[in-house]
Amino acid sequence: MLTLKVIRDNKEEVIKRLAVKHFDAKAIIDSIIALDDKRKAIQLQLDNNLAEQNSLAKQIGKLFAEGKAAEANEAKSKTAELKETSKSLSQELSDVEPELKKLLMQVPNLPHTSVPSGHSAEDNLVVRSGGLVPELPKDSVPHWDLAKKYDIIDFELGVKITGAGFPVYKGKGAKFQRALINFFLDENTAAGYREVQPPHMVNEDSAYGTGQLPDKDGQMYYMQVDNFYMIPTAEVPVTNIFRDVILNASQLPIKMTAYTPCFRREAGSYGKDVRGLNRLHQFDKVEIVQVQHPDRSYDSLEEMVSHVEGILKKLELPYRIVKLCGGDMSFTSALTYDFEVFSAAQQRWLEVSSVSNFESYQANRMMLRYKEDGDKKTQIAHTLNGSSLALPRIVAALLENNQTPNGIRVPRVLQPFCGFEMID
RNA sequence: GGAGAGGUGGGUGAGUGGCUGAAACCAACGGUUUGCUAAACCGUCGUACUUCGCAAGGGGUACCGGGGGUUCGAAUCCCCCCCUCUCCGCCA
């Protein structure tokens with residue numbers, strides 16, 4: 001969430017920037033400031049009141065120690081009213097504070113000044129593209145048909161075991177996935193990301209920390225008995241490693257990578273787009289996360305973008321990088337680049353990665369701070385993350401784009417990981 | 001699942017009603033010393049909110065797992081909850 005300081009000090013600027021996300025902030029900002037004023041006033045009264053109580057209590061203690069019981073008892077009688085007042089003030093405060101926080105949580109992150117305004121995916125800016133769209137044989141088919149033909153991914157079996165959106169990968173299909181995961185992790189660690197294996201379920205605090213709660217409650221699988229959430233992305237457990245942590249500036253940047261399955265309910269999305277591997281309830285993803293100094297977070301963002309781009313190049317996939325417009329960006333992001341690969345048999349671009357700078361938005365929420373050397377003040381760090389990469393759509397594109405009459409060709413870089421050159 | 005123990009500052013750990021926002025030690029940071037390293041010595045060393053100040057800095061309040069209660073006064077007493085650890089059971 002945004003800090004009150006930012007909102008108070010740059011009110012007009014905040015409203016203007018949020019308009020790029022088509023968020024009309026005027027009313028809510030006004031209520032936030034008004035509520036914060038109220039909060040401060042109550043806080044001040046309460047503090048003064050408590051100060052008086054404290055000093056009286058000290059006096060009473062001293063009087064008793066000196067054996068002046070009569071005076072002590074007289075002082076005691078004065079505290080009753082103060083206590084009453086404190087009680088009602090702190091009641092007011094505990095009404096105002098959650099209300100204020102609730103409002104703050106409803107304000108999206110400020111988009112970076114370079115974010116184009118625009119309403120939908122159509123208005124996104126193609127930054128650059130690469131790779132060649134392959135010429136497919138005439139009888140080429142989409143990946144769900146290939147999956148069946150070579151018996152490498154079984155969607156019906158997944159339905160039997162669990163339900164729609166939980167495919168079973170078989171034989172070379174399973175090994176192909178595993179090869180991709182290893183390849184991605186190796187690429188990431190070679191680029192300086194430390195590999196971690198986080199839990200696949202998180203508690204409520206973690207889900208709030210990265211912003212999945214309260215907004216996206218219905219999108220996560222929830223274990224009621226234990227009050228845990230299945231992770232929708234490794235971003236959640238990995239970024240939360242640093243929840244409530246104060247780092248030294250010299251420790252930055254912190255770069256981490258993790259492979260995890262991801263679980264998403266995808267409530268309300270049905271239809272053509274969800275066919276095959278295009279949208280699943282469980283899928284594999286390798287994630288990269290950075291905690292960075294505010295002065296250098298945009299350098300990190302660019303670095304992450306070219307890192308992901310490098311991986312796509314090695315996979316010989318046709319890709320494009322788009323900078324999201326205000327209307328298409330997520331609530332929490334300040335600047336996002338999406339990576340899309342062209343799925344030749346479906347004739348469409350599939351999103352395979354989203355790389356974002358959240359600036360201080362997540363970090364503020366989860367109290368992730370740092371200190372400059374010799375400085376007493378804490379400052380809010382910046383967090384970034386991106387997929388490198390999400391498996392299913394990469395698999396879809398690889399299967400479709402590399403299909404030949406003799407089978408599916410495995411990209412050269414993956415062959416050592418797979419141990420075979422063709423899926424046939 | 002059964003039984004027990006415990007949650008205090010970056011760590012260890014003292015603290016059973018006021019002198020404790022919290023000893024001591026370790027770590028960390030700054031300095032003195034030193035040919036270098038080590039050691040020794042001195043100093044600093046929680047966070048948040050708020051207020052005064054141009055600033056340096058000062059003041060106030062809160063926080064000893066979380067919430068509530070008793071009391072003039074709670075880390076310390078009472079109640080509820082959460083979590084961790086140990087042993088047993090089960091088990092990859």
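Protein chains get the first letters and strands the later ones, always in sequence-line order, with residue 1 at the start of each. Every heavy atom of this structure was used, including side-chain atoms; hydrogens, water molecules and symmetry mates were not.
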Measure from the side-chain heavy atoms of [X] and tell me the nearest of [options].
| X | options | answer |
| --- | --- | --- |
| A:A57 | B:U61, B:G69, B:G73 | B:G73 |
| A:R39 | B:A62, B:U50, B:C72 | B:U50 |
| A:L44 | B:G69, B:U50, B:A62 | B:U50 |
| A:K371 | B:A48, B:C72, B:G46 | B:G46 |

### Task
Let me know, please, whether A:T378 or A:K76 comes out on the 5' side of the other along RNA chain B by nearest nucleotide.
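Checking each residue's closest nucleotide, the 5'-ward one belongs to A:T378.
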### Query
Taking the nucleotide of RNA chain B with the closest heavy atom to each, which residue, A:D47 or A:I60, is nearer the 5' end?
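It is A:D47 whose nearest nucleotide is closer to the 5' end.
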In whole angstroms, how far is the [atom2] atom of [N] from the [atom1] atom of [X]?
| X | N | atom1 | atom2 | answer |
| --- | --- | --- | --- | --- |
| A:K58 | B:A74 | NZ | C1' | 14 Å |
| A:L104 | B:A48 | CG | P | 17 Å |
| A:N48 | B:C49 | CG | P | 18 Å |
| A:I380 | B:A48 | CD1 | P | 10 Å |
| A:D244 | B:G66 | CG | P | 12 Å |
| A:K83 | B:U61 | NZ | C1' | 18 Å |
| A:Q43 | B:C63 | CD | P | 12 Å |
| A:K377 | B:C45 | NZ | P | 18 Å |

Pair [X] + [Y], salt bridge at N-O below 4.0 Å:
| X | Y | result |
| --- | --- | --- |
| A:K11 | A:D30 | yes |
| A:E266 | A:R279 | yes |
| A:K323 | A:D338 | no |
| A:E66 | A:K62 | no |
| A:E187 | A:K314 | yes |

### Task
Would you please name every residue forming a salt bridge (Lys or Arg N to Asp or Glu O under 4.0 Å) with A:R365, sequence neighbours left out?
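So A:R365 forms no salt bridge (Lys or Arg N to Asp or Glu O under 4.0 Å) with any residue.
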For [N] and [M], measure between their [atom1] atoms and round to the nearest Å.
| N | M | atom1 | answer |
| --- | --- | --- | --- |
| B:C78 | B:U70 | C1' | 7 Å |
| B:G65 | B:U33 | P | 44 Å |
| B:A5 | B:G9 | C1' | 23 Å |
| B:C42 | B:A48 | C1' | 32 Å |
| B:G2 | B:C90 | C1' | 12 Å |
| B:A23 | B:G43 | P | 15 Å |
| B:G7 | B:A92 | C1' | 30 Å |
| B:G13 | B:A55 | P | 43 Å |

Does a side-chain N or O from [X] land closer than 4.0 Å to OP1 or OP2 of [N], or not?
| X | N | result |
| --- | --- | --- |
| A:R369 | B:U47 | no |
| A:N54 | B:U61 | yes |
| A:N203 | B:C83 | no |

Counterpart base for [N], defined by Watson-Crick or G-U wobble contacts under 3.5 Å:
| N | result |
| --- | --- |
| B:G73 | none |
| B:U47 | B:A62 |
| B:C91 | none |
| B:C25 | B:G11 |
| B:U34 | none |
| B:G6 | B:C83 |
| B:G17 | none |
| B:G53 | none |

Using a heavy-atom cut-off of under 4.0 Å over every strand shown, decide if [X] touches base, sugar-phosphate, or nothing.
| X | value |
| --- | --- |
| A:A75 | nothing |
| A:I246 | sugar-phosphate |
| A:K62 | nothing |
| A:S77 | nothing |
| A:L50 | sugar-phosphate |

### Pair A:Q292, A:H382: side-chain N/O donor-acceptor within cut-off below 3.5 Å
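No, no side-chain donor-acceptor contact under 3.5 Å.
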### Query
A:F176 and side chain to side chain contact (heavy atoms under 4.5 Å, CB included): which partner among A:L391, A:I153, A:V410?
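Among A:L391, A:I153, A:V410, the one meeting side chain to side chain contact (heavy atoms under 4.5 Å, CB included) with A:F176 is A:V410.
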